[in-house]
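By convention here, the first residue in the shown sequence is residue 1. For the numbers below, each heavy atom of this structure counts, side chains included, while hydrogens, waters and symmetry mates do not.
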Amino acid sequence: MTSTDSSRPRRSRALVPVVAVATVLLVLGGIYVAGYLLAGDRVPRNATVAGVAIGGLSRAEAVSTLQRELADEAGAPLTVSADGATREIVPAEAGLALDAEASVEAAGAGRSWNPLHIWQVLTGGGAQRPLATVDEEALTQAVDAYAEAVEGEPKNATLGYDGTAVEVGKGSSGITIDREATATALSQTYLRGTAVAAAATVTPPEVTTEEAEQVAEKVAEPAVSDDVTVRAGDAGEFEVSPEAIAGATTFEIADGTYVARYDAEKLREGSEKAIDELDITEPRDAYWTLRGGRPQLVEAVDGTTVDAEKLLAAVEPVLTRQGGDRTTSVELTPDKADFTTDEAKKAQVTEVVGQFTTSYDHADYRNTNLGEVAERVDNHWLAPGETFSMNDVVGERTAANGFVDGYVIQGGVLKKESGGGVSQAATTIFNAAFFAGLEDVEHHPHTLYFDRYPAGREATVYYGSLDLQFKNNTSYGVIIEADRKKSAPGSKGSLTVKIWSTKVWDEVRSPDAEKTNFTSGRELTKSGPSCEYQAPIQGFDATYYRAFIKDGKEVKRENYFWRYSPGDEIKCE
């Protein structure tokens, strides 16, 4: 009995911890159930969402309050940036919106067995971040649009001259957007802020703006700061201007920066007028000219010159200097004529190979204008391979150049304009070259036909748009002779053009054009002091050719076609 009594107290003490744990669990369970039961439609008393107090409000009231108070924040554009490339994204367009219901529920409204929820209820709630809804498709589209707007390859800064002003264009980095990571950043930042750093890979340019500005300061600006004085020995000295330097300079990228490159020929060309003032003998090409009505050879003359490469070698070292230190010297170089006497002898001119004459009724303006053309064209020399341009040789037909008003065709109507009648000279020159067998480069028949000219085989010119050009496509030289005989009251004037060279073809034939498809104009009545009667002019198609004859055989033929418009008869009231 003694042993039995001593064992009972030990079993009673072992039950104590079990009872204690059970008691605690029972109390906690009661609190847990109480928390669940206490939670209802109202929000815990201390709850806030993004600083907006919603404690004690019903679920519906809290949702309405958040929608109202956070409307501006929920609609505020998000500013997305990647290496300075910034764009705004409107949340609604990106599928982002405030989820007021979820935010209120997260703040503690409603019953839930979630321990955290129950803890919020029991402690009265607290600060809660707003929650959002995300339309993944719309968000992806918004990020794609941003990426397409800002992505690109790196762009080097630019450096160059505008006149003599140094211009630096800003460079930019290349940007590649990680679209998935940027979409995540947008959704995480929404309702927490408005500045979003896009996930991007940034590739810097090879030459940055700062690097280009350094080259501008150290090289480009000093180079055009003043003239460079170049001494040419006993021939004198001349100035290379900032304009000539800038015109000959480009900047190229080498080893990650800009390096100045100079064009020797452009530098020489830009200094041409200054070099011409030196006391040196310029080389002169050999050529043929008419003297006493016969061709005569004028021999080439060799001289000296300022060589382009030597000029650059002298100027380049002083371009970064200032003031009086911008002085250098260059040695003159012997310079031979491009077209030598021996070459001119081989290109001998011996006889007239083509000529043409046109006549005109007396008109003072024709005497003047045709005389001006003849004076400029007479004795003009073309070496083998050279091209004659009437606009270049004669120049613009203005009063300042000695021309007077005469009749020209504009819009199918005869009107007065300076240089009128010059097309007769173009027609005469064209036909002389045509029958000399020279290459027809450019000629334009009139829109209206005048019977004083051969149909189709005539030419009009208009400075700046229509020209007469032919090429000396022979191995011989060409001299143009032009002789204008003035008209007088009661007697016609004439213009004769001869092409001197050495014959390549025995004959060049061109029969009169075949005329077909005749058309007529309208009868118009006009008024006003400027109105002048115009006789009707018939339109038609002209088909003709040029045949080249050698040893009695036709070697080749060139076919031509032109359509003349009809000219209206204009009567004046």
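- Contact check for Thr333 versus Lys310: side-chain heavy atoms found under the 4.5 Å cut-off.
- Paired with Phe238 under the rule side chain to side chain contact (heavy atoms under 4.5 Å, CB included), one option of Val228, Val306, Asp276 passes, and it is Val306.
- Contact detail for Ser329 and Val230: the closest heavy-atom pair is C-CG1, 4.5 Å.
- A side-chain donor-acceptor contact under 3.5 Å links Ser389 to the backbone of Asp392.
- The backbone N or O of Ser510 lies less than 3.5 Å from a partner atom in the side chain of Arg457, making a donor-acceptor pair.
- For the side chain to side chain contact (heavy atoms under 4.5 Å, CB included) with Arg484, the qualifying choice from Leu370, Val373, Thr428, Thr496 is Leu370, the only one to do so.
- Of the N and O atoms on the side chains of Asn391 and Arg397, at least one donor lies less than 3.5 Å from an acceptor on the other residue.
- Remark: Lys346 NZ is loosely packed, at most 12 non-hydrogen atoms of other residues, nucleotides or ligands lying under 6.0 Å away.
- Here Arg268 pairs with Glu272 in a salt bridge; the nearest charged N to carboxylate O distance falls below 4.0 Å.
- A side-chain hydrogen bond (donor to acceptor under 3.5 Å, both in side chains) with Glu458 is found for one member of His444, His446, Arg452 and no other, namely His446.
- With hydrogens and angles disregarded, no donor-acceptor distance shorter than 3.5 Å links the side chain of Glu481 to the backbone of Val497.
- Considering every non-hydrogen atom in both Thr340 and Ala337, the closest pair reads CG2-O, 4.0 Å.
- Between His443 and Phe430, the ring-plane angle classifies as parallel under the 30° and 60° cut-offs.
- Residue Glu217 places its CD atom among 12 or fewer non-hydrogen atoms of other residues, nucleotides or ligands, all under 6.0 Å distant.
- Donor-acceptor pairing under 3.5 Å is lacking for the side chains of Ser241 and Asp227.
- Between Val353 and Trp500, the closest side-chain pair of non-hydrogen atoms is not below 4.5 Å.
- Summarising the local packing, CD of Glu269 is surrounded by 12 or fewer heavy atoms from other residues, nucleotides or ligands at distances under 6.0 Å.
- Between Ser487 and Lys492, the closest heavy-atom pair is CB-C, 3.8 Å.
- Distance check, rounded to the nearest 0.5 Å: CZ of Phe435 to CD of Glu507 gives 9.5 Å.
- The two residues Asp541 and Asn517 make their nearest non-hydrogen contact at OD2-ND2, 2.8 Å.
- Looking at every heavy atom in both residues, Ala432 comes nearest to Phe356 through N-CB, 3.8 Å.
- Between the side chains of Gln214 and Tyr258, no donor N or O sits under 3.5 Å from an acceptor N or O.
- At least one donor-acceptor pair closer than 3.5 Å links the side chain of Thr427 to the backbone N or O of Ser423.
- Atom OH of Tyr453 is surrounded by more than 12 heavy atoms from other residues, nucleotides or ligands within 6.0 Å.
- Side chain of Ser501 to main chain of Gly477: a donor-acceptor pair is present (N/O by atom type, distance under 3.5 Å, no hydrogens or angles).
- Between Asp226 and Arg326, none of the side-chain N atoms (NZ, or NE/NH1/NH2) sits under 4.0 Å from a carboxylate O, so this pair counts as no salt bridge.
- The local environment of CD in Glu331 is sparse, with at most 12 non-hydrogen atoms from other residues, nucleotides or ligands closer than 6.0 Å.
- Heavy-atom minimum distance, Ala244 versus Leu267: O-CD1, 3.8 Å.
- In summary, the side chains of Glu243 and Thr164 do not present any donor paired with an acceptor at a separation below 3.5 Å, with no hydrogens or angles considered.
- A donor-acceptor pair is defined here as one N or O able to donate and one able to accept, closer than 3.5 Å; no such pair exists between the side chain of Asp335 and the backbone of Gly303.
- Between Phe388 and His380, the ring planes are perpendicular. Angles over 60° get that label, and only those under 30° would be called parallel.
- Between the Asp506 side chain and the Asp551 main chain, a donor and an acceptor come within less than 3.5 Å of each other.
- The existence of a salt bridge linking Asp263 and Arg261 is excluded, since no basic side-chain nitrogen approaches an acidic carboxylate oxygen closer than 4.0 Å.
- Glu523 places none of its side-chain heavy atoms less than 4.5 Å from the side chain of Asp568.
- For the pair Arg546 and Phe434, the cation-pi criterion (under 6.0 Å, within 45° of the ring axis) is fulfilled.
- One distance of note links CD1 of Ile245 with OG of Ser225; it measures 8.0 Å at 0.5 Å rounding.
- Other residues, nucleotides and ligands contribute only 12 or fewer heavy atoms inside 6.0 Å of the CD atom of Glu153.
- Under the 3.5 Å distance criterion, the side-chain polar atoms of Asn156 are matched with a main-chain donor or acceptor of Val207.
- Although no hydrogens or angles enter the test, the distance criterion places no donor-acceptor pair under 3.5 Å between the side chain of Thr305 and the main chain of Asp307.
- Using a 4.5 Å heavy-atom threshold, the side chains of Phe403 and Val394 count as touching.
- Remark: the backbone N or O of Gly371 is not paired with any side-chain donor or acceptor of Lys486 at under 3.5 angstrom.
- The closest side-chain heavy-atom distance from Val240 to Leu311 is below 4.5 Å.
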| request: For the pair Tyr360 and Asn367, evaluate side chain to side chain donor-acceptor pair (under 3.5 Å) and give the outcome as yes or no after the intermediate values. | output: CA-CA 9 Å; Tyr360 58 94; Asn367 281 334; 2.6 Å; yes

| task | Step by step, work out the salt bridge (Lys or Arg N to Asp or Glu O under 4.0 Å) result for Glu277 and Lys273. | result | CA-CA 7 Å; Glu277 299 300 319; Lys273 290 184 178 179; over 6 Å; no

| message | Test side chain to side chain donor-acceptor pair (under 3.5 Å) on Thr502 and Gln348; report intermediate values, then the result. | response | CA-CA 7 Å; Thr502 296; Gln348 62 179 339; 5.1 Å; no

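- Taking the six-membered ring where tryptophan is involved, the planes of Tyr564 and Phe540 are tilted, since the angle between them lies from 30° to 60°.
- Checking Gln424 against Thr358 by side-chain atom types alone, a donor-acceptor pair falls below 3.5 Å.
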